[in-house]
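What follows is a single structure, written as structure tokens, with notes after it.
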Amino acid sequence: MISVLKLDVDSQVTVGYAETFTSDEPYRLLEVDEALLQELLHSGLTIKGSREDEAVLCTSKATFAMKFVSTSNTVLLVPPSRWGSDDCDAEREAALSRAEIGIVATASGHIELVETAPKLENLKALVSQRPFKDDMNVGEEEEEEDDDESDGELYTWEELSACTQASDHQLREALRKLEAAEIGRFWRVVDPDYMHNLLGILLSTAVQNDWSLKALRGSEVIRSLEAHFPAPVVISCLDKFGVRAGPAPENPAKGQESSGSGAADLWALDDEKICVHYAKLLLRAKTKWKLEEFLEEWAMITPSWMSVDLNMLRGEALVEKVGVESWLHHFSCSLLPCRPDARFTALFSRRSKWEWEDLEAYLKDLKVPGQSVEAMLLKYTRKSQPTPTSTPVYTAR
């Protein structure tokens with residue numbers, strides 16, 4: 001209280017209840033560090049959650065759980081002192097000695113913030129309701145959206161941000177991983193067959209124009225394909241199968257657009273990403289293959305200048321031996337739950353025992369603040385290793 005009222009040590013002041021005092025605790029105290037305080041003062045923070053959710057507080061880049069912490073002593077809330085540090089000490093002291101400091105309210109605790117993982121479980125369902133699947137006029141599609149909801153709704157950035165408990169940065173990253181694009185005003189995934197067709201035409205166009213697949217200029221690709229494919233979908237294709245040479249634009253509403261010049265407009269296509277795409281086509285058509293047949297078919301449909309390797313499919317498929325034969329089963333990490341407890345439940349439902357070489361690929365995308373992969377393994381698994389030289393095996397705890 002001494003610092004709040006700007007009192008000197010050994011000073012005295014009368015404290016009492018103000019006429020406006022209420023015992024209903026109309027104020028909530030929020031504990032923040034200096035970085036959060038500065039963001040709150042300059043750009044603001046957002047509290048998200050429906051009536052059924054536990055509220056979270058989102059900064060521009062992180063998400064925090066909000067927990068009420070009770071204190072053993074009641075906190076008395078008083079308004080700030082009207083006397084600044086530049087006022088005459090004698091004048092301030094005389095005024096305070098005559099004044100009564102009014103308590104306007106009390107607080108029995110404060111809200112503590114604990115960084116937590118964003119809640120993204122429903123995002124995929126939202127952007128997958130109406131996959132983009134043809135080259136219809138985007139402007140016409142927007143006009144028809146209100147009259148045609150039979151195939152599912154479409155969502156703008158603002159609507160996704162409002163109903164997703166995640167920071168803008170985390171939401172943008174999640175949309176990128178889902179390979180969603182902002183087409184017109186709406187974010188949605190692109191139909192896999194449509195994306196496959198676009199990739200084939202992109203590769204053919206690059207070969208015909210003698211473009212380097214390691215230095216594709218986005219603006220040039222868009223001009224060549226714009227008669228058949230919207231620019232946001234072309235950029236989404238380049239992001240999906242390539243690596244941008246420079247940083248992408250930060251504006252979420254324009255983040256899928258090509259800058260037209262500079263390093264941000266250059267992409268290097270990634271052979272492994274393209275090979276995995278062709279493998280997924282086969283696994284989508286048939287989820288179980290004899291390993292030899294799959295490898296032969298995979299090499300046949302992949303562009304001739306690319307080499308396939310079974311290690312590329314870690315996190316997408318599992319190899320299991322049945323007698324003398326090896327079988328490949330589709331089991332994609334992208335289809336597993338985001339929460340660690342649900343993720344491990346799904347993994348051990350698929351296999352009762354895991355070797356680290358297989359398990360690692362299904363854990364690398366788990367990002368939980370304050371928890372390392374090692375900590376999650378200790379919490380959810382048991383590790384057994386009969387001899388120091390044998391391969392460790394993980395089972396459910």
Side-chain angles (χ1 to χ4, degrees), residues 1-7 25-50 53-81 84-86 104-123 157-178 187 244 246-256 263-264 338-340 363-376 379:
M1 183 175 288
I2 287 177
S3 62
V4 172
L5 299 179
K6 298 183 174 65
L7 297 177
E25 295 198 15
Y27 302 105
R28 293 292 180 266
L29 303 182
L30 179 66
E31 183 180 44
V32 297
D33 58 21
E34 184 62 27
L36 278 175
L37 176 61
Q38 292 306 314
E39 184 162 355
L40 172 62
L41 296 175
H42 291 95
S43 56
L45 304 174
T46 306
I47 296 176
K48 296 184 178 182
S50 65
D53 298 323
E54 291 187 3
V56 298
L57 183 143
C58 295
T59 67
S60 59
K61 294 189 175 181
T63 301
F64 295 85
M66 304 175 68
K67 301 183 182 297
F68 184 80
V69 180
S70 299
T71 55
S72 56
N73 297 318
T74 300
V75 178
L76 305 179
L77 303 182
V78 299
S81 171
S85 57
D86 296 332
V104 295
T106 60
S108 58
H110 66 274
I111 297 173
E112 181 181 70
L113 300 179
V114 180
E115 188 171 359
T116 187
K119 298 180 180 180
L120 302 165
E121 290 82 1
N122 298 326
L123 183 61
W157 169 267
E158 291 75 15
E159 290 168 338
L160 288 177
S161 179
C163 64
T164 305
Q165 291 185 296
S167 70
D168 284 354
H169 174 76
Q170 292 167 329
L171 177 57
R172 197 176 307 123
E173 281 297 301
L175 289 169
R176 182 186 63 80
K177 290 179 180 178
L178 289 172
W187 284 86
R244 198 187 289 253
E250 282 297 316
N251 188 334
K254 303 293 182 183
Q256 293 288 330
C338 299
R339 293 194 341 265
L363 302 180
K364 62 183 180 181
D365 67 320
L366 277 182
K367 307 293 182 186
V368 181
Q371 285 192 49
S372 63
V373 171
E374 291 76 13
M376 287 187 276
K379 183 175 182 180

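- Here the CG atom belonging to L363 is positioned 7.0 Å from the CE atom belonging to M376, to the nearest 0.5 angstrom.
- To the nearest 0.5 angstrom, R28 atom CZ is 12.0 Å from L30 atom CG.
- Within a 6.0 Å radius of CG in D365, other residues, nucleotides and ligands contribute more than 12 heavy atoms.
- Note that the OG atom of S161 and the CZ atom of R172 stand 10.0 Å from one another [nearest 0.5 Å].
- For the residue pair S167 and Q170, a side-chain donor N or O sits within less than 3.5 Å of a side-chain acceptor on the partner.
- Taking both residues in full, the closest heavy atoms of A107 and T71 are given as O-OG1, 4.5 Å, listed atom of the first, atom of the second, then distance.
- Side-chain contact between W157 and L175 is present, with heavy atoms from C-beta onward closer than 4.5 Å.
- Applying the side chain to side chain contact (heavy atoms under 4.5 Å, CB included) test between F64 and each of L45, V56, T59, T116 identifies T59 as the sole match.
- Although no hydrogens or angles enter the test, the distance criterion places a donor-acceptor pair under 3.5 Å between the side chain of S43 and the main chain of E39.
- Checked against salt bridge (charged side-chain N to carboxylate O under 4.0 Å, His left out), R339 has the following partners two or more places apart in sequence or in another chain: D341.
- Although no hydrogens or angles enter the test, the distance criterion places no donor-acceptor pair under 3.5 Å between the side chain of K48 and the main chain of C163.
- Annotation for F68: atom CZ counts as buried by contact number, over 12 foreign heavy atoms lying within 6.0 Å.
- Here the side chain of T164 pairs no donor or acceptor atom with the backbone of A166 at under 3.5 angstrom.
- Put simply, the side chain of L77 reaches to within 4.5 Å of the side chain of Y27, judged on heavy atoms.
- Atoms CE and CD, from M66 and E31 in turn, are 12.5 Å apart once rounded to the nearest 0.5 Å.
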Chi angles and distances behind the side-chain contact (heavy atoms from CB on, under 4.5 Å) call for T63, C58: CA-CA 5 Å; T63 301; C58 295; 3.9 Å; yes
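- Partners of E34 according to the side chain to side chain contact (heavy atoms under 4.5 Å, CB included) rule, which considers only residues two or more places apart in sequence or in another chain, are L37, Q38.
- With sequence neighbours left out, the salt bridge (charged side-chain N to carboxylate O under 4.0 Å, His left out) criterion links E115 to no other residue.
- Between P118 and L171 the shortest side-chain heavy-atom distance does not fall below 4.5 Å.
- Separating the OG1 atom in T46 from the CD atom in Q165 is a distance of 12.0 Å, to the nearest 0.5 Å.
- Contact check for L113 versus L57: side-chain heavy atoms found under the 4.5 Å cut-off.
- Between the D33 side chain and the A35 main chain, a donor and an acceptor come within less than 3.5 Å of each other.
- In this structure the side chain of V32 never reaches within 4.5 angstrom of the side chain of L40, judged on heavy atoms.
- When side chains are defined from C-beta on, P340 counts as touching V368, because their heavy atoms get closer than 4.5 Å.
- Residues L160 and L123 are in side-chain contact: their nearest non-hydrogen atoms beyond the backbone lie under 4.5 Å apart.
- Judged purely by atom type and a 3.5 angstrom limit, S108 has no side-chain atom pairing as donor or acceptor with the backbone of S70.
- Contact annotation: the side chain of E54 approaches that of K119 to within less than 4.5 Å [non-hydrogen atoms, C-beta and beyond].
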